[in-house]
Protein chains: 2
Amino acid sequence: MHIVTEGVVRLHKTLADGRRMVIGFALPGDFLGFSDRDVHATSADALGPVATCKISREAFQELLDAKPHLMRRLHTELIHEFTLAQERLMLLGRCSARERMAAFFVNMRNRWKRVNGQVANVALPMSRQDIADFLGLTIETVSRMITTLARERVIVIVPDGIRILDLPRLEAIAVG
Amino acid sequence: MHIVTEGVVRLHKTLADGRRMVIGFALPGDFLGFSDRDVHATSADALGPVATCKISREAFQELLDAKPHLMRRLHTELIHEFTLAQERLMLLGRCSARERMAAFFVNMRNRWKRVNGQVANVALPMSRQDIADFLGLTIETVSRMITTLARERVIVIVPDGIRILDLPRLEAIAVG
DNA sequence: CGGGAAATTGATACAACTCAAGATCAGTGG
DNA sequence: CCACTGATCTTGAGTTGTATCAATTTCCCG
């Protein structure tokens, strides 16, 4: 059980035939390993230098037993994650590549904002392949969508990320 | 807060432009409304006659406070649901229509089995459109995939559901 | 500066979507 | 009991968005 304190961690699953799905990216402040179970199914690895705060399962359980309100807090957090996963189902099942890409940028912006207030540039420490596997697309499609958004002056590509030029527009694309 | 005791409940979200995603189907024994929050975002409606066991949020919270181990149990349950949602992400993001269809049947079979031991026939109380919106496909594609599986003698179409003829084969298709 | 990985761009292919008929089924009333 | 009606499902033909395959180009980093 860890909490990321610095850097970004990638969580992913791989099918027997090699098809990969990135489940998510854990930013500073995010939990890792809500459960024992999915550790078997999901692998995690660092994108660049990462610092985490480790807590043993036993210690964590003790803590929860000692402070019941913490359990509720964790519960709320889990439900929140659950809701996000459902929104992602909608994204993957019913949205176009362009919409997914826009939603991804808006989402990353909001998460970085909560982490460090930085909003001008949206850092993308993951590779294009990671983004593709996160959005259920191919690397080429991701590249094309980014290029298109950049040509439309909605974003600009900067080293290690993008800068959002027209947030309202990007949000409008994201919802459909 | 409800628990379904009889019948099937459909949970879904709809985008502003009408695109719909069925988040899930709640079978007898399944929880409805883990949280207040997603009630706003997700709507639920009955597929045919449904009986539920209702419990107020306050009463439920009292119960949880009185029996801490129940909280843990619920927590475990939530994590399990969470893991299932992640498998669904893989399904929607990286699997073909045929694979999704097969996975859906295998999944429904296992769930019905836990509910009533019935395994011979897999009941499908939802419409083709519902299945399509659950799998991120169109109704026509769903229909075609079912027809194909039936022609291959992997399943047979029966009134209000299907019968699985070759489970190993179906499972093999489901994983990829 | 050179070399290898990552990203972009282009050409083509294909799986799933869309549009358009039919077929099947369920319910209704003569 | 059977014709009638609307809804659901299936089937077919053609289109399209994304994948695939194949070159470049750009970016690192030694």
Side-chain angles (χ1 to χ4, degrees), chain A residues 8 10 15 17-22 45 47-49 90-105 122-152 155-162 173 176, chain B residues 8 10 15 17-22 45 47-49 90-105 122-152 155-162 173 176:
Chain A
V8 177
R10 176 186 60 202
L15 248 41
D17 60 6
R19 280 178 289 181
R20 201 176 65 129
M21 187 80 199
V22 170
D45 36 42
L47 300 171
M90 172 71 89
L91 203 71
L92 293 180
R94 285 285 173 250
C95 294
S96 67
R98 179 177 169 83
E99 289 167 337
R100 294 182 209 188
M101 202 66 244
F104 176 71
F105 287 147
V122 179
L124 299 176
M126 68 292 288
S127 70
R128 296 287 192 263
Q129 186 62 62
D130 290 333
I131 299 175
D133 288 341
F134 180 76
L135 296 176
L137 300 169
T138 58
I139 185 174
E140 294 96 332
T141 299
V142 166
S143 187
R144 276 186 249 270
M145 293 303 137
I146 293 179
T147 305
T148 306
L149 287 172
R151 241 202 301 272
E152 293 171 352
I155 62 169
V156 206
I157 301 169
V158 299
D160 301 318
I162 59 145
I173 295 169
Chain B
V8 177
R10 176 185 60 202
L15 247 41
D17 59 7
R19 279 178 289 180
R20 201 176 64 130
M21 187 81 199
V22 170
D45 37 43
L47 300 171
M90 172 70 89
L91 203 72
L92 293 180
R94 286 282 172 252
C95 294
S96 68
R98 179 177 169 84
E99 290 167 336
R100 294 182 208 189
M101 202 68 244
F104 177 70
F105 287 146
V122 179
L124 300 176
M126 68 293 288
S127 70
R128 296 286 192 264
Q129 186 63 61
D130 290 332
I131 298 176
D133 289 341
F134 180 75
L135 296 176
L137 299 169
T138 58
I139 185 174
E140 294 96 331
T141 300
V142 167
S143 187
R144 276 186 249 270
M145 293 303 138
I146 293 179
T147 305
T148 306
L149 288 172
R151 242 201 300 272
E152 294 170 352
I155 62 169
V156 205
I157 301 168
V158 299
D160 302 316
I162 59 145
I173 296 169

Nearest-Å distance for atom pair CG/C1', residues A:L47 and C:dA6: 15 Å
Distance, rounded to the nearest Å, where B:R100 contributes CZ and C:dA16 contributes P: 7 Å
Minimum heavy-atom distance A:M145-A:M101, with the two atoms named: CB-CG, 3.8 Å
Side chain B:T148, main chain B:R144, donor-acceptor under 3.5 Å: yes
Side-chain touch B:R128/B:I146, heavy atoms, less than 4.5 angstrom: yes
Base versus backbone protein contacts along nucleotides 23-28 of chain C [heavy-atom cut-off under 4.0 Å; B, S, -]: ------
Counterpart residues, ring pair (Phe, Tyr, Trp, His ring centres under 6.0 Å), relative to B:F105 (two or more places apart): none
Separation of atom CZ in A:R94 from atom P in C:dA16, rounded to whole Å: 13 Å
CG (A:D160) with more than 12 external heavy atoms under 6.0 Å: no
Close side-chain approach of A:L92 to A:R100, heavy-atom, < 4.5 Å: yes
Along DNA chain D (nearest heavy atom to each residue), the more 5'-positioned of A:C95 and B:Q129: B:Q129
Among A:R20, A:R10, A:R19, the one residue meeting salt bridge (Lys or Arg N to Asp or Glu O under 4.0 Å) with A:D133: A:R20
Length of the CZ-P vector between A:R19 and C:dA15, whole Å: 13 Å
More than 12 heavy atoms of other groups within 6.0 Å of A:D45 CG: yes
Heavy-atom side-chain proximity of A:I155 to A:V122 below 4.5 angstrom: no
Check: A:I139 main-chain N/O paired with A:S143 side-chain donor or acceptor under 3.5 Å: no
All side-chain contact (heavy atoms from CB on, under 4.5 Å) counterparts of B:T138, not counting sequence neighbours: B:E140, B:T141
Terminal axes of the helix from C:dC1-D:dG30 to C:dG30-D:dC1 (five pairs each): angle between them, nearest 10 degrees: 30°
Beyond-backbone contact of B:L149 with B:I173, side-chain heavy atoms, under 4.5 angstrom: yes
Residues from residues 132-145 of chain B lying under 4.0 Å of DNA chain C - heavy atoms: B:G136, B:L137, B:T138, B:E140, B:T141, B:R144
A:M21 side chain near A:L15 side chain, heavy-atom distance below 4.5 Å: no
Boundaries of the DNA chain D segment in contact with chain B, non-hydrogen, under 4.0 Å: D:dC9 to D:dA13
